[in-house]
Amino acid sequence: MSSTAPLNKQLFNDIRASILAGNVCPGTRLPPTRELARELGIARNTVLYAYDRLTDEGYTQTLGGSGTYVCDTAPDPALLDRMIDSSHAAGTTAARDDSRLSARASELLSNAGASDLQVGAFVPGIPDVSQFPRGVWQRLITKVWKTAGQGQLGYGSRHGHPPLKRALSEYLTLARGVNCSPEQIVVTQGTHQAIDLCARLLADPGDLVWLEDPCYWGARSVFRAAGLEMEGIPVDEQGIRLPLSPEVSPKLIFVTPSHQYPSGVVMSLPRRRLLTEVACAHKAWIIEDDYDSEFRYQGPPLPCLQGLDPHCNTIYIGSFSKVLYPGLRLAFLIVPLELVDAFAVAQSEVYRGGQLTVQAALAGFIADGHYTAHVRRMRKIYAARKAHLTQELQRQLGDQVDIIGTDTGLHLTVLLPHADDRSVSQAALANGIVARPLSSYFASASRSQNGLVLGYGGVADEEIAGAVRKLTCAIESVTRS
Ligand SMILES: Cc1ncc(COP(=O)(O)O)c(C=O)c1O
């Protein structure tokens, strides 16, 4: 400390500079005030002033009288990469020219739904990957690679790795109430690929698919790319409300019965039974997307629809994206026995197989009980995180705020009947917060509702209050204007 500024300011400046330069790591405890004052030969009040100012300005925090700790204020590297990447790309990439694209491509691109930002508060559908048991996974991968021969490094069999299908069929029978043998499982690279196979194999361009309204944007994109006609069917508190006498029969009915996306409604048993009968009468296939129902916070997970379809007309899709991590790109279909061969051949013709070492590691992960243990542990973490987010929303937006869809999964929805949710979403994004507008999930403008779909799976507890503060500002700025 050598300048002419007051000592307390010099001390504040020195510590702040060390924190900003990364010389003092987040979580480091600053020396006790008395000790530092003695060491520097200055008054304790001088140190107290500097520490208070550091805390006021967010460089440090005091934890219940146990001392002053350096906060983690560095930007999330993944978020930063993404932002720098996209600003860099914006400056260097040529403007898109769609004039030579197909009509299908134009349709797909003009309705694209995937967000550019895939990390941070409150991207829906992202699990907390920091909790993934990397040590166990690394051991399993290493074990597989020790003995992996030509077979495991090639395209593999058409259906996927047999031990994975055996482990999965055992797990799903117990945990999800599916009715299946290992042969009925076809492994795919994610849910979108599974939906795409259904669209290509069970319908022709121009055929009709019924989708819940609101619905997962990704399913719509895949059906659109396959050239299918889509009709949004309303959802009430019991799930999809099937039309009494439709003019055109659907070929496919796409549903999320265990946790309607994004509303969170759980389809009632009478509605499930009605759906299986109606599908059978129309000779339509039901596609059940069971994407995150392991995370149910009120009571045990509900059995799936496929297991209670007396007509065996339901194709089940499961994914590892929510329980393990999305970049794994592994999902699976459970198809009726008479369709297995068609799906397996098509899978290998259109996409080819592969990823057998990962499938082998995953088989071990499930068979050794790690999968069930991880689900159980994460369920507790997400339940606490959901409670924390709900509390913060109520605290900052007022008790009267209407929050729906909190029983299951990794997201909830805040209804905003009096605000334009797309404007709120844009204002939030300008503050680095992803809050997808509920209205964007609806096909029909007359049914549409305003709200924000907020994912909390990948948001650390300590980030929640700050992120809700930014969200509240965005809502206030839109409602004020
Ligand atoms: C309803 C729903 N189904 C499927 C998926 C995607 O699963 P996958 O990562 O296996 O493609 C998501 C992802 O957010 C989803 O919300």
Side-chain angles (χ1 to χ4, degrees), residues 112-120 122-129 132 160 164 168 172 176 185-199 209 211-225 230 232 235 239-240 252-267 286-296 304-306 315-334 347 351 355 358-359 362 382 405 407-413 434-438 440-443 453-459:
S115 165
D116 273 350
L117 266 184
Q118 292 290 344
V119 288
F122 293 102
V123 181
I126 302 295
D128 186 346
V129 292
F132 181 65
L164 173 60
L168 256 182
L172 292 166
R176 304 294 307 118
I185 297 178
V186 176
V187 178
T188 63
Q189 287 167 28
T191 302
H192 286 218
Q193 194 179 88
I195 301 173
D196 188 45
L197 279 174
C198 295
V209 49
L211 300 160
E212 294 162 323
D213 196 19
C215 169
Y216 174 46
W217 58 264
R220 263 199 240 134
S221 289
V222 176
F223 289 127
R224 185 174 285 122
M230 289 177 273
V235 171
I240 192 166
L252 305 172
I253 307 175
F254 180 85
V255 284
T256 46
S258 299
H259 185 218
Q260 204 280 324
Y261 193 87
S263 74
V265 168
V266 175
M267 197 184 291
I286 300 170
I287 303 173
E288 173 178 22
D289 179 10
D290 195 27
Y291 59 104
D292 72 356
S293 54
E294 274 105 339
F295 301 125
R296 182 153 195 262
C304 68
L305 176 69
Q306 187 266 5
I315 293 170
Y316 177 96
I317 300 178
S319 169
F320 296 102
S321 291
K322 312 299 171 203
V323 173
L324 302 181
Y325 61 97
L328 187 61
R329 301 319 298 141
L330 275 184
F332 55 93
L333 291 144
I334 297 177
Q347 157 74 357
Y351 299 113
Q355 290 184 313
V358 178
Q359 291 189 33
L362 183 53
Y382 294 142
D407 283 355
T408 307
L410 304 178
H411 72 270
L412 52 76
T413 300
V434 174
R436 291 188 77 115
L438 177 60
S440 69
Y441 293 87
F442 284 86
V453 178
L454 306 179
Y456 51 80
V459 191

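Counting starts at 1 for both ligands and their atoms, following the listed order. Given the structure is predicted, the values throughout are model-derived calculations rather than measurements.
Distance from atom 6 (C) of ligand 1 to its nearest protein heavy atom, with residue and atom name: Tyr216 OH, 3.7 Å. The single protein non-hydrogen atom nearest to atom 1 (C) of ligand 1 is Asp289 OD2, 3.4 Å, given as residue, atom name and distance. What sits closest to atom 9 (O) of ligand 1 on the protein, heavy atoms only, is Ser321 OG, 2.6 Å. Ranking the protein heavy atoms by distance from atom 7 (O) of ligand 1 puts Thr191 OG1, 3.1 Å first.
Close to ligand 1: Lys322, with a non-hydrogen atom less than 4.0 angstrom away.
Relative ring orientation between Phe320 and Phe332 is described as tilted, the plane-to-plane angle lying within the 30° to 60° band.
Of all atoms in ligand 1, listed by their number and element, those nearer than 4.0 Å to a heavy atom of Arg329 are 8 (P), 9 (O), 11 (O). Ligand-side atoms of ligand 1 in range of Ser319: 7 (O), 8 (P), 10 (O), range being under 4.0 angstrom from any heavy atom. Interface atoms of ligand 1 facing His192, defined by a heavy-atom separation under 4.0 Å, are 11 (O). In summary, the atoms of ligand 1 found under 4.0 Å from a heavy atom of Tyr261, numbered by their order in the structure, are 1 (C), 16 (O).
In terms of modelled atom types and a separation under 3.5 Å, the side chain of Gln260 and the main chain of Ile240 share no donor-acceptor contact. His411 contributes no side-chain N or O that, together with a main-chain N or O of Pro124, makes up a donor-acceptor pair within less than 3.5 Å.
For the pair Leu454 and Val459, the minimum side-chain heavy-atom distance is 4.5 Å or more. Counting heavy atoms from C-beta on, the side chains of Thr191 and Tyr291 never come closer than 4.5 Å. Side-chain contact between Pro127 and Pro326: present, with at least one pair of heavy atoms (C-beta onward) separated by less than 4.5 Å.
Of the residues Arg176, Glu294, Met267, the one that meets the side-chain contact (heavy atoms from CB on, under 4.5 Å) test with Ser258 is Arg176.
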